[in-house]
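As C-alpha cells, the structure follows; a few thoughts come after it.
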Amino acid sequence: RPGHGLAQDNGLPVVPVQHHYAHALACMAEHQLAPPLLAVAWDGIGLGDNGELWGGEFLRIETDGYRRVASLLPLRLPGGEQAVKQPRRVALAALHAIYGANLLEHLPDGLRAAFSEAELTVLLSMLDKGLNAPLCSSAGRLFDAVSALLGLCLHNGFEGQAAMLLEAAALEVQPQTEALPAWPVLNEHGLLLLDWRPWLQSLLADHAAGVAVAQSAHRFHWHLAEAVTAMAVRQNLAGVVLCGGCFQNRLLLELCVARLQAAGMQVFWPQRLPPNDGGLALGQLLGISRTLPKPHGTS
C-alpha cells in the first residue's frame with residue numbers, strides 16, 4: 001500500500017482501519033450515532049481483516065471496535081481482478097458454487113457463447129483447483145453474476161455497469177409484494193453465511209421458462225432486502241447502518257429501508273457523504289480516534 005510505505009519511510013505512525021468498518025464509522029459520524037448497532041457494509045471489494053476479500057458484510061459495531069457476525073456466502077473470482085472487469089467470469093463462478101464440476105450441464109446458452117472452449121477449460125480448472133481464484137463475499141460481485149446470467153452485462157465497460165443495468169431492468173416492473181422464501185443461513189465457525197445458491201437456481205429455472213428479465217431483476221433486489229432484514233432481526237439491535245458502494249443503488253436502498261423500518265428498526269444511511277469509498281477518509285479518521293487514549297477525566 002503506497003500510503004502505508006510513505007508513512008513508514010518518514011517515521012510516521014500507522015494505524016490500520018479495516019475498509020468496511022471505516023464505511024460504517026463514516027455513516028455513524030454523519031448521523032452522530034453511538035454503538036452498539038449493526039452495519040450492513042456492501043460494496044465491490046475490500047480487504048478483510050483475515051486477508052480475504054470482503055464486500056457483503058454484517059458488522060456488529062461496539063464501543064471497542066467491531067465483530068463480523070455474518071456475510072454473504074463467498075464465491076471465487078477466477079482471474080482475480082479480471083473477474084471484476086468481466087461479470088461473465090463471476091457468473092461462471094456462481095454456477096460452480098452451485099453445481100461444482102457439473103456446471104457445464106447448467107450453463108445457459110447465452111453465457112456459454114461468451115467463452116471460447118479454451119477459456120472455459122482454463123477457467124473451470126482455476127475454479128476446481130482454487131488457483132488464481134480468490135474467495136470473495138462481495139454483494140457487488142453477486143450483482144455482476146446475476147446481471148451476466150440474465151444476459152444484461154458480460155463485460156463491465158466501467159465500474160458498476162453490470163449492477164446499474166440490473167437495477168435499471170428491475171425498475172421496469174411493478175414493485176414486488178409477494179412473500180419470498182428466506183435464504184438459508186449457514187454457520188461456519190460462528191460466522192453466519194447467507195446462502196444465495198438456492199435462489200440463483202430458482203432464477204435460472206425462471207429464466208429458462210421465459211420469466212421476464214425485469215421481473216427476475218426486481219425479485220433479486222427484493223430478496224436482498226429480505227435477507228438484510230432477516231439478518232438484522234436475528235442480531236436484535238435497534239439501529240442499522242447501510243453503507244458501502246452497493247447502497248448507491250436506490251432501489252436496493254429503498255427496499256432495505258422500508259423492510260427494516262417495518263420490522264421496527266431505526267435505519268441510517270449516508271446522505272451528505274458518499275456511501276462508497278468517497279466517504280472512507282472520515283471513517284478512517286474516526287477509526288484512528290477510537291484507538292487513541294482518552295484525555296484524563298473523560299469517560
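Residues: numbered from 1 along the sequence shown. Keep in mind that the numbers below use all heavy atoms, side chains included, and drop hydrogens, waters and symmetry copies.
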Q: With sequence neighbours excluded, tell me which residues meet side chain to side chain contact (heavy atoms under 4.5 Å, CB included) with Ser137.
A: Trp54, Glu57, Arg68, Ser71, Pro74

If you look only at distance, which donor and acceptor atoms sit under 3.5 Å apart when one is on a side chain in residues 255-264 and the other is two or more places apart or in another chain?
from: Arg259; atom 1: NE; to: Glu226; atom 2: OE2; distance (Å): 2.5
from: Arg259; atom 1: NH2; to: Glu226; atom 2: OE2; distance (Å): 3.1

Q) Taking NZ, NE, NH1 and NH2 as the nitrogens, is one of them in Arg141 or Asp144 under 4.0 Å from a carboxylate oxygen of the other? A) yes

Q. Who pairs with Phe115 by ring pair (Phe, Tyr, Trp, His ring centres under 6.0 Å), at least two apart in sequence or on another chain?
A. none

Q.
Going by side chain to side chain contact (heavy atoms under 4.5 Å, CB included), Trp196 matches just one of Val146, Leu142, Leu224, Leu203. Which one?
A. Leu142

Q.
Do Leu149 and Leu95 have side chains that approach each other closer than 4.5 Å (heavy atoms only, starting at C-beta)?
A. yes

(Q) Parallel, tilted or perpendicular: which one describes the rings of Trp199 and Trp183, with boundaries at 30° and 60°? (A) tilted

**Q.** Pairwise side-chain contact, Thr121 with Ser125, heavy-atom cut-off 4.5 Å (strictly under)
**A.** no

Q. Any side-chain heavy-atom pair from Leu154 and Leu111 closer than 4.5 angstrom?
A. yes

Q. Around Asn187, counting heavy atoms of other residues, nucleotides and ligands shown, do more than 12 lie under 6.0 Å from its CG?
A. yes

Q. To which residues is Leu282 joined in a hydrophobic cluster, defined by side-chain heavy-atom contacts under 4.5 Å among Ile, Leu, Val, Met, Phe, Trp and Tyr, whether direct or through other members?
A. Leu273

Q. In terms of ring plane angle, is the pair His31 and Phe268 parallel, tilted or perpendicular, where the classes change at 30° and 60°?
A. tilted

Q) Going only through I, L, V, M, F, W and Y residues with side-chain contacts under 4.5 Å, is there a path from Leu37 to Val228? A) no

Q) Does atom CG of Asn236 have more than 12 heavy-atom neighbours, drawn from other residues, nucleotides or ligands, at distances under 6.0 Å? A) no

**Q.** Partners meeting ring pair (Phe, Tyr, Trp, His ring centres under 6.0 Å) with His96 (sequence neighbours left out)
**A.** none

Q. Applying the 4.5 Å side-chain criterion to the ILVMFWY set and letting contacts propagate, would Trp222 and Leu252 be lumped into a single cluster?
A. no

Q) More than 12 heavy atoms of other residues, nucleotides or ligands under 6.0 Å from CD of Glu254: is that the case? A) yes

Q. Which is it for Leu75 and Leu73 under the side chain to side chain contact (heavy atoms under 4.5 Å, CB included) test, yes or no, and what are the steps along the way?
A. CA-CA 7 Å; Leu75 51 69; Leu73 180 76; over 6 Å; no

Q: Would you kindly confirm whether Leu194 and Phe220 end up in one hydrophobic cluster when ILVMFWY residues are joined by side chain heavy atoms under 4.5 Å apart?
A: yes

Q) Does the side chain of Gln284 come within less than 4.5 Å of Val15's, by heavy atoms? A) no

Q: Looking only at non-hydrogen atoms, find the nearest pair between Ala93 and Arg76 and report the distance.
A: CB-O, 2.9 Å

(Q) Do Val69 and Gln235 have side chains that approach each other closer than 4.5 Å (heavy atoms only, starting at C-beta)? (A) yes

(Q) Please give me the minimum heavy-atom distance between Pro78 and Leu123, naming the atom from each residue. (A) CB-CD2, 3.9 Å

(Q) Do Leu127 and Leu104 sit in one hydrophobic cluster, given that two such residues count as connected whenever their side-chain heavy atoms are within less than 4.5 Å of each other, even indirectly? (A) yes

Q) Would the Phe58 and His20 ring centres measure less than 6.0 Å apart? A) no

**Q.** Where Ala114 and Arg88 come nearest, the two heavy atoms and their spacing
**A.** O-NH1, 2.5 Å

Q) What closest approach, in Å, do His221 and Leu166 show between heavy atoms, and which atom pair accounts for it? A) CE1-O, 3.9 Å

(Q) For Thr229 versus Ala225, what's the shortest heavy-atom pair and its separation? (A) OG1-O, 2.8 Å

Q.
Taking side chain to side chain contact (heavy atoms under 4.5 Å, CB included) as the criterion, tell me which of Ile61, Val40, Leu25, Leu33 meets it with Val241.
A. Leu33

Q.
Around atom CD of Gln32, are there more than 12 heavy atoms from other residues, nucleotides or ligands closer than 6.0 Å?
A. no

Q | Pairing residues for Tyr21 by the ring pair (Phe, Tyr, Trp, His ring centres under 6.0 Å) criterion, not counting sequence neighbours | A | Tyr66

Q: Look at the aromatic rings of His19 and His23 and report parallel, tilted or perpendicular, splitting at 30° and 60°.
A: perpendicular

Q.
With heavy-atom distances below 4.5 Å as the criterion, would you say the side chains of Leu103 and Ile98 are in contact?
A. no

